[in-house]
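Take a look at the structure below.
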Amino acid sequence: METTEPVALRVTGLVRRYGGRAVVDGLDLVAPAGAVTAVLGPNGAGKTTTIECCEGLRRPDSGTVRVLGLDPLTQAAQLRPRVGVMLQDGGLPTGARAGEVLRHVAAMHARPLPADHLLDLLGLTPHARTTVRRLSGGQRQRLALAAAVVGRPELVFLDEPTAGLDPQARHAVWDLVARLRADGVAVLLTTHLMDEAERLADHVVVVDGGRVVAQGAPAELTGGAQALRFGVPAGLDPVGLQAVLGDAVTVHLPAPGQVAVEALDGGPLDPRVLAAVAAWCADAGVMPDGLALGRRTLEDVFLDLTGRALR
C-alpha cells in the first residue's frame, strides 16, 4: 500500500524460512501512524512470523523491516520505550499481584498512563490485589493489554487481544483501541475475528502463503456487493435454487443450513431474485429462517481469498 501519511511500520520484501521452506515469501506491509491496521490470515499463513520479525523476535532471511524508521534488531534499545507489545500468553509474572505488575511496568517509562485509570478502563480494579496466577484467562488477557499500552507507545502490536473474552470485555478492549487511535497511536492488530477487524481497522491486510493477497479499507474489500442470506433445514440441497436463479448469481453455503445468494458481478441483486428465492422455498415447503439482505462481510471476502478448507 502506497501512502503519503506518516508511516509507523514498513516491511519490504520480507522472507523468513524454516527448514528450507519460506513461511514468509517476499511480503510487503505498511502500517500508517495513527491508524489501526489488521493483519488477517489462516493458520500457517505467515502472519505470526511476520509480526515477530517486526517486533525484533525473529531475524529475517532477507528483506527490510523498519519500525518508526528504525531497525527492530539493531536498534531495539531505542525502540523499546516507543513500542508496546501484547503477546497471547502475556508473559506476566504469575506470583505478582495484577496492580503491582502494571505499576511496575509503568515505572519503567518516562510518561506512563495512570495505571489505576487503565485498570479501571479494563475492569481490573476489583482484581488489582489478585495474583496473576489466580486471574481468569480473560483477566490476564486484559492485564497484558494494559501492560502493552501503559507506556504511551507510538506503535502497539496487539496479538489476538480479545481471544477468549466475554462480550463486555471485548467492548472494553475495542473502546481502548479506539482511544489509542484517537491519540495518534499506530495499532497493528492480528485477529481471527472478522467482525472485530471490520469494526476496528482502518486498513486490512490479508496474508496467505507468506504473501499479501489483498489489502485495503474494509469497505473497499467488501465492495458494494449485496448478499441474500437465509437458513434452511439441514440437508436441503440448494442446487435447484441455482438452476432457478440462473447464471447471473451464485448460490453457496457459508455454513451448514445457511444459504447465501450473491450477484456474480459484485453488484446489487435484482428484486426478482428475492421473489424467485421465496417461490423456491414455497415449492420446497420450507420457511426461510432469518431472511436478510445485506452487504458482503469481511468474512465472506476472507473465505473467498483463502478458501474454506481447514488448515
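Contact between Ala115 and Leu102 at its shortest, heavy atoms only, is O-CD2, 3.6 Å. When all heavy atoms are compared, the tightest approach of Thr222 to Val301 is CA-CG2, 3.9 Å. Of all the heavy atoms in Ala146 and Leu118, the pair that sits closest is O-CD1, 3.6 Å.
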Trace of the side-chain hydrogen bond (donor to acceptor under 3.5 Å, both in side chains) decision for Asp159 with Thr190: CA-CA 5 Å; Asp159 186 13; Thr190 62; 2.7 Å; yes
Verdict with reasoning, Asp116 to Arg103, per salt bridge (charged side-chain N to carboxylate O under 4.0 Å, His left out): CA-CA 8 Å; Asp116 289 342; Arg103 293 184 186 97; 2.6 Å; yes
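Side-chain atoms of Glu220 do not come within 3.5 Å of backbone N or O of His203 as any donor-acceptor pair. Judged purely by atom type and a 3.5 angstrom limit, Asp28 uses its side chain to pair as donor or acceptor with the backbone of Gly13. Using a distance-only test at 3.5 Å, with no hydrogens or angles considered, a donor-acceptor pair links the side chain of Thr297 to the main chain of Asp300. Looking only at distances, a side-chain donor or acceptor of Arg152 sits under 3.5 Å from a matching main-chain atom of Arg111.
Shown are Val83, Val65, Val30, Leu68; of these, the side chain to side chain contact (heavy atoms under 4.5 Å, CB included) with Leu9 is made only by Val65.
With a 4.5 Å cut-off on side-chain heavy atoms, Cys53 and Leu14 count as touching.
Considering only residues two or more places apart in sequence or on other chains, Asp166 meets the side-chain hydrogen bond (donor to acceptor under 3.5 Å, both in side chains) condition with none of them.
A side-chain donor-acceptor contact under 3.5 Å links Thr191 and Glu196.
Under a 4.0 Å N-O distance rule, the pair Asp289/Arg229 does not qualify as a salt bridge. Between Asp202 and Arg181, at least one side-chain N (NZ, or NE/NH1/NH2) sits under 4.0 Å from a carboxylate O, which counts as a salt bridge.
Residue-environment remark: CG (Asp237) exceeds the threshold of 12 foreign heavy atoms within 6.0 Å.
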